[in-house]
Protein chains: 2
Amino acid sequence: MTGRRNPGERRRRMIEAACELIPEVGVNGLTHRLVAARAGVPLGATTYYFASLDDLVAAALARAAEVTEEALRLWHEELGRSADVPATLAALTADYLRERDRMVTWNELYAAAAHRPELRPLARLWLDGLTRSLSGHAGARAARAAAVFVDGALLHSLINDEPLDTESLERSLAALLGMDAAMDTT
Amino acid sequence: MTGRRNPGERRRRMIEAACELIPEVGVNGLTHRLVAARAGVPLGATTYYFASLDDLVAAALARAAEVTEEALRLWHEELGRSADVPATLAALTADYLRERDRMVTWNELYAAAAHRPELRPLARLWLDGLTRSLSGHAGARAARAAAVFVDGALLHSLINDEPLDTESLERSLAALLGMDAAMDTT
DNA sequence: CGCGTAGTAGTACGTTTGTACATGTACGGA
DNA sequence: TCCGTACATGTACAAACGTACTACTACGCG
């Protein structure tokens, strides 16, 4: 297709391979050799394109964050045109609960960020973005609380075979989003 | 004190060292040598007392789970004699938010359990225990939702320098625990 | 066309890893 | 008292690691 020589594509392939590998072996389980094998490139390519293994990991996590931001945009739109915000949010969450790899990856990012502060802004993306989207439909407190709850539900599903059902999600989110309906919104 | 020869104590020291190390280097960052150095025992001791590194890690996580169960008992008592359950739960959570190492360790357990199913029962301990405690004060749905929210708040504090304030916690928990006050409790 | 640069590929090296093992020492039961 | 067993400790080793390096090849620019 693109012939043999294709720097951008090779770099992309390695990042993609790293993203694939993270749910399988964890962030700390990544090695040059594992990524090279998965991407179908020689070992040397990994050090040619990334100054260090940390750089490769960072690139992979940044890519994962891009995917998350994409989802965030989708959620924002969906919530924008929704008549019943809690129900829509519950449905979106319930769908997301099924994409295990995404959530494992995201939790790996959380764990990595707990040890490496420079990753924290990346890790905050999801929660902050979701809070911002919900701020259009509830007070600041309620929005953040709902976002925290959604994150908790995602975490919960990593550990439990049976995740929270849609009805529970909907009731909980309705309660949280409506909690300071007639109050100040600090 | 106990003289030199003291198997139980040595084993305990190594597990304690591993527990100390987990918040610093992560579960996957643990090595025999690191644990041995921290515990002040020769390298050989680690393989004498633990069949493999995985066993050592499992023992450390099991110890962390014991500490968690202790906290769980405390929470259960405190909630039992409370007149205002949401306020008490919010206060307990706010206190817990300050113990960063505990939470990092617990999140490491979550991440590890996502890859190794045999750790999942251990990881479920906290959420299930908290849900059980809350079941005495709310419907099953509300109890689980509140537990999920607390877990989300703990996770949130790993990433954000400013964790949720007590008032937000209290309002959120009150909303969740009271959400199906006059409804069925499936 | 020729040539320099950027990409490709294989290999080598020094370190650190998990684990095995050989040797030494204290202690409890006979 | 003596001895076997359980514990202690230092060292050894193969594997896997991150990374550096050398040689080779294609492509764009003069």
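Quick note on labels: first sequence line is chain A, next is B, and so on, each numbered from 1. We use all heavy atoms of the structure for the numbers below, so side chains are in, but hydrogens, waters and symmetry mates are not.
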Rounded to whole angstrom units, what separation is found between the CZ atom of B:Phe50 and the P atom of C:dT17? 18 Å
Atom-pair distance (CG on A:Leu34; P on D:dG18), nearest Å: 9 Å
Hey, can you tell me if B:Trp126 and B:Tyr96 have their rings parallel, tilted or perpendicular (30° and 60° cut-offs)? parallel
Using the side-chain heavy atoms of B:Leu53, tell me which of these nucleotides is nearest: D:dT9, C:dT19, D:dT19. C:dT19
Please confirm whether the shortest side-chain N or O distance from B:Arg10 to OP1 or OP2 of D:dC7 is below 4.0 Å. no
Measure from CG on B:Asp54 to C1' on C:dT17 and round the result to the nearest Å. 14 Å
Select base, sugar-phosphate, or nothing to describe what B:Tyr49 touches, counting heavy atoms under 4.0 Å on all strands. sugar-phosphate
Whole-Å distance between C:dT19 P and B:Leu56 CG? 10 Å
Round to the nearest Å and state the distance from B:Met14 atom CE to C:dG18 atom C1'. 15 Å
Would you kindly give the CZ-to-P distance between B:Arg11 and D:dA8, to the nearest whole Å? 13 Å
Donor/acceptor link under 3.5 angstrom from A:Arg33 side chain onto base of D:dG18: yes
Just the rounded figure in Å: distance from C1' of C:dT17 to NE2 of B:His32. 10 Å
Is A:Ala45 touching bases, backbone alone, or none of the nucleic acid, heavy atoms closer than 4.0 Å? nothing
Apply side-chain hydrogen bond (donor to acceptor under 3.5 Å, both in side chains) to the pair A:Asp165 and A:Ser168, showing each step before the final yes or no. CA-CA 6 Å; A:Asp165 59 294; A:Ser168 275; 3.2 Å; yes
Closest to the A:Ser52 side chain: D:dT9, D:dA12, D:dT19? D:dT19
What do you reckon, is CZ of A:Arg132 surrounded by more than 12 foreign heavy atoms closer than 6.0 Å? no
Please report the distance, rounded to the nearest Å, between CG in B:Asn6 and C1' in C:dA26. 13 Å
Side-chain atoms of A:Thr31 come closest, of D:dG18, C:dG10, D:dG10, to D:dG18
B:Tyr48 side chain near C:dT19 phosphate (N/O to OP1/OP2, under 4.0 Å): no
Salt bridge A:Arg38-A:Glu24, side-chain N to carboxylate O under 4.0 Å: yes
Tested for side-chain contact (heavy atoms from CB on, under 4.5 Å) against B:Val35, the lone hit among B:Leu30, B:Ile15, B:Val41 is B:Leu30
Candidate nucleotides C:dT11, C:dT19, C:dT17, ranked by approach to the side chain of A:Leu43 - the nearest: C:dT11
